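One structure is given below, encoded as structure tokens.
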Amino acid sequence: MLPHKKIESTLQAAVRAVLADADVSAILVRPCDPKFGDYQSNALMSLAKTRKLNPRQLATDVLTKLDVSAVCEKVEIAGAGFLNFRLKNTALTQTLEAAARGEHLFFDKAAQPKTVVIDFSSPNVAKPMHVGHIRSTGIGDALQRTLRLLGHRVISDNHIGDWGTQFGKLLLGWKQILNRADLERDAIAELERLYKVINAECDANPLRLEEAKSELVKLQAGDAENVAIWKEMIALSQKQFDTIYGRLGVKFDFALGESFYNPWLGEVVADLLTRGIARESEGAVGVFSDGTLPPKEDPFLVNRDGEWVADPALVRKSDGGFNYTTTDLATIDYRLKTWSPDEIIYVVDDRQSGHFKKFFLIFGRWKPDAAKTTKLVHVGFGKIMGDDGKPFKTRSGDTVKLGELLDEAEERAYKIVSEKSAELPEAQRKEIARVIGLGAVKYADLLPNRQSDYIFSWDKMLALQGNTAPYLVYAYARIKSIFRKQNSEFRIQNSELKLAAPEELTLAKHLLNFGLTLEAVAEELRPNYLCNYLFELAGKFTSFYENCPVLKAEDEATKNSRLALCDLTARVLKQGLETLGIETVEQM
RNA sequence: GCGCCCGUAGCUCAGUUGGAUAGAGCACCUGCCUUCUAAGCAGGUUGUCGCGCGUUCGAUUCGCGCCGGGCGCACCA
């Protein structure tokens, strides 16, 4: 068991011994400022507060029941009632030696694995994936990797936009203005052109719009020709998706598009009507406020000039078509029946938070039993901005295509690699540039708190100094370099650690917090915690690297101990980056 | 108008149940390569945490009210 968990469970038992009825699940032990110790708990203060006890007295009482001498020095009470823990050197080295033997990598599998459906990326058919998709795709992938690493059962599902009114226009364009040669050269660009041309025509001419609508109606009715064209458009799009996901290294367990749920949409609406959850209004069918929430908190109400008026979620349009709330409901029904998840995570732009608020409430009304056992979470994120503070666009004002963005990342990285490591063969420089370029884009996207907007900057993400992917991969490559240089056979499994230098101790202690960080990422669904942990790890490693010679250590025992420390650091760096969806290189 | 999100160093951003003297990178200054990758390291400078009030032993964090920015408000998703 990792030392901090040992401390935590022992502390919880001690608290229970003092206050038998206390809820000890909130009694946590966290890393702290080294001047106070290695770990700290401030939980006794809030516990004392709710019970109107003297916090320092409570701490003293708990301390008499607390024996953590196996892993800690004497526990200290500090300030208003903090408990400060300092690890024993033996506990530290034993934990590292166990890791060296391959018994763990500073994290534990979840005691109670959850089944989690994670819905992310969701590109649209017939449209190019653009820079915005990096957010849902990167965050979603990092989360699925984290949850899997911690032993949860994860079902990733790409809810592709393969259905909707845009297909009327696309079908019309396909039939009337399709350029076959262009389609073969660049299918997505041609499909995009079709849509733009017809869309403009429809805006200008109601008759064109009617034509497009009738194509849509035919598709919906199962017209053989239209269905065949629609399927071809999906197939062409899928090629694009496969290429992009292949480059990004993102995998899905399922890619059940919106159209998959078509057969059940009518039933969903009928069921909502039968149960009195939805009702007809102005020819459409919608879910309205049930009056159980105060108006301010009720997403089904909106204030217009001082009056609260209905703002329903429509589930059927007046023309009989369905809305995306309907699809989302059919989708959740399918997911419940198929996987019985404990949790469903939607990694979707924050601008849709209103939709999710309504959708989650409808779910609660529609499936009250399931709502008790399945938690729905909207993992929202902000926009990517250009350096002018406006949404990130190309110079000509178009959206930035994801494929082109990744190309540019690799090109820019290649220039830098060629400059810094001109001696490496071209093929290797290309491979380094691929890893660094893609890693830089992904890392820059995962680093900020996901809910805030961030400014896209090539220079910052590709910089070798600062909190960037190149810096982290560089730290990894330097460790690997040591192992290439050393002559004798080094066997990590038999390593005995002896930690003396402050840099060694600081690095070693930081390794111990890998699992804590992974758990925080899984708990709050925030990959940036892991980014910051790895940045600190790389920093502590380079500090160690500068101050503690490894291959030229004063004696063999120190050398082997340091080699082991290097190896463990490399493993955590590699595992951590991999969990963020970022590859590493052995040399750069 | 109403709701949601945001406001932290000159710039870009972190800040994990409310916790100890609020952190990092960039920029700026000073050192360190005949020694494991200097794409690096060590040190220095930088703050009314938008403003005010409240809750608390303790508030960047919670509540209320302002100010400033972004986004969303029935047949698109």
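Quick caveat: nothing in here was measured; it's all calculated off a predicted structure. Sequence lines set the chain letters: A, B, ... in the order given, protein chains first and strands last, and positions in each chain run from 1.
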The side chain of [X] lies closest to which of these nucleotides: [options]?
{"X": "A:Ala520", "options": "B:U21, B:C36, B:U16", "result": "B:U16"}
{"X": "A:Glu546", "options": "B:A39, B:G40, B:C36", "result": "B:G40"}
{"X": "A:Ser421", "options": "B:C57, B:A39, B:C36", "result": "B:A39"}
{"X": "A:Ser481", "options": "B:C13, B:C36, B:C5", "result": "B:C36"}
{"X": "A:Gln587", "options": "B:U37, B:G58, B:C4", "result": "B:U37"}
{"X": "A:Tyr471", "options": "B:A39, B:U12, B:C41", "result": "B:C41"}
{"X": "A:Gln451", "options": "B:G19, B:C5, B:A20", "result": "B:C5"}
{"X": "A:Tyr545", "options": "B:A38, B:A20, B:A14", "result": "B:A38"}
{"X": "A:Leu464", "options": "B:G40, B:U16, B:G19", "result": "B:G40"}

Can you see if the side chain of [X] gets near the phosphate of [N] - specifically, an N or O under 4.0 Å from OP1 or OP2?
{"X": "A:Ser452", "N": "B:A14", "value": "yes"}
{"X": "A:Lys485", "N": "B:U37", "value": "yes"}
{"X": "A:Arg478", "N": "B:A38", "value": "yes"}
{"X": "A:Asn528", "N": "B:G15", "value": "yes"}
{"X": "A:Tyr533", "N": "B:A24", "value": "no"}
{"X": "A:Asn449", "N": "B:G15", "value": "yes"}
{"X": "A:Ser46", "N": "B:U17", "value": "no"}

Problem set entry | First of A:Cys548 and A:Gly466 reached from the 5' end of RNA chain B, by closest nucleotide | A:Gly466
Seminar exercise, completed: Assert: residue with more 5' nearest nucleotide on RNA chain B, out of A:Pro470 and A:Leu516, is A:Leu516
Atom [atom1] of [X] and atom [atom2] of [N]: how far apart are they, to the nearest Å?
{"X": "A:Gln40", "N": "B:G18", "atom1": "CD", "atom2": "C1'", "value": "12 Å"}
{"X": "A:Leu507", "N": "B:C41", "atom1": "CG", "atom2": "P", "value": "14 Å"}
{"X": "A:Leu446", "N": "B:U12", "atom1": "CG", "atom2": "P", "value": "21 Å"}

Tell me, yes or no, whether the heavy-atom count around [X] atom [atom1], taken from other residues, nucleotides or ligands under 6.0 Å, exceeds 12.
{"X": "A:Arg16", "atom1": "CZ", "result": "no"}
{"X": "A:Glu523", "atom1": "CD", "result": "no"}
{"X": "A:Glu307", "atom1": "CD", "result": "no"}

Exercise. Would A:Arg279 count as a cation-pi partner of A:Phe288, with NZ or CZ less than 6.0 Å from the six-membered ring centre and within 45° of the ring normal?
Worked result: yes
With [atom1] as the reference atom in both, quote the distance from [N] to [M] in angstrom, rounded to an integer.
{"N": "B:G68", "M": "B:C28", "atom1": "P", "answer": "35 Å"}
{"N": "B:C32", "M": "B:A20", "atom1": "C1'", "answer": "35 Å"}
{"N": "B:C53", "M": "B:G23", "atom1": "C1'", "answer": "28 Å"}
{"N": "B:U8", "M": "B:A14", "atom1": "P", "answer": "10 Å"}
{"N": "B:U48", "M": "B:U60", "atom1": "C1'", "answer": "13 Å"}
{"N": "B:C11", "M": "B:G54", "atom1": "P", "answer": "31 Å"}
{"N": "B:C64", "M": "B:U17", "atom1": "C1'", "answer": "24 Å"}

Problem set entry | B:G19 pyrimidine/purine six-ring stacking with A:Phe82, under 5.5 Å and 30° | no
Seminar exercise, completed: Scanning all shown strands, the Watson-Crick or wobble mate of B:C26 with both distances under 3.5 Å is B:G10
Exercise. Which one is paired to B:G72, where only Watson-Crick or G-U wobble pairs with both distances under 3.5 angstrom count?
Worked result: B:C2
Give one of base, sugar-phosphate or nothing for [X], where a contact means two heavy atoms less than 4.0 Å apart.
{"X": "A:Thr517", "answer": "nothing"}
{"X": "A:Pro549", "answer": "base"}
{"X": "A:Gln465", "answer": "sugar-phosphate"}
{"X": "A:Ala477", "answer": "base"}
{"X": "A:Ile455", "answer": "sugar-phosphate"}
{"X": "A:Asp328", "answer": "nothing"}

For this session: Taking only Lys NZ, Arg NE, NH1 and NH2, and the carboxylate oxygens of Asp or Glu, determine whether A:Glu504 and A:Arg562 approach each other closer than 4.0 Å.
Result: yes
Exercise. If you measure from the Lys or Arg side-chain nitrogens to the Asp or Glu carboxylate oxygens, is any gap between A:Arg434 and A:Glu583 under 4.0 Å?
Worked result: yes
For this session: Sugar-phosphate means primed atoms, P, OP1 and OP2; the rest is base. With that split, encode nucleotides 64-77 of chain B 5' to 3' as B, S or - using protein heavy atoms under 4.0 Å.
Result: ------SS-BBBSB
Exercise. Would you say the side-chain atoms of A:Arg478 and A:Gln587 include a donor-acceptor pair closer than 3.5 Å?
Worked result: no
Exercise. If we ignore angles and hydrogens, is there a donor and acceptor under 3.5 Å between the side chains of A:Gln40 and A:Asn42?
Worked result: yes
Problem set entry | side chain to side chain donor-acceptor pair (under 3.5 Å) between A:Thr325 and A:Asn323, intermediate numbers included | CA-CA 5 Å; A:Thr325 299; A:Asn323 304 72; over 6 Å; no
Problem set entry | Short side-chain to backbone donor-acceptor contact, A:Thr50 and A:Leu47, under 3.5 Å | yes
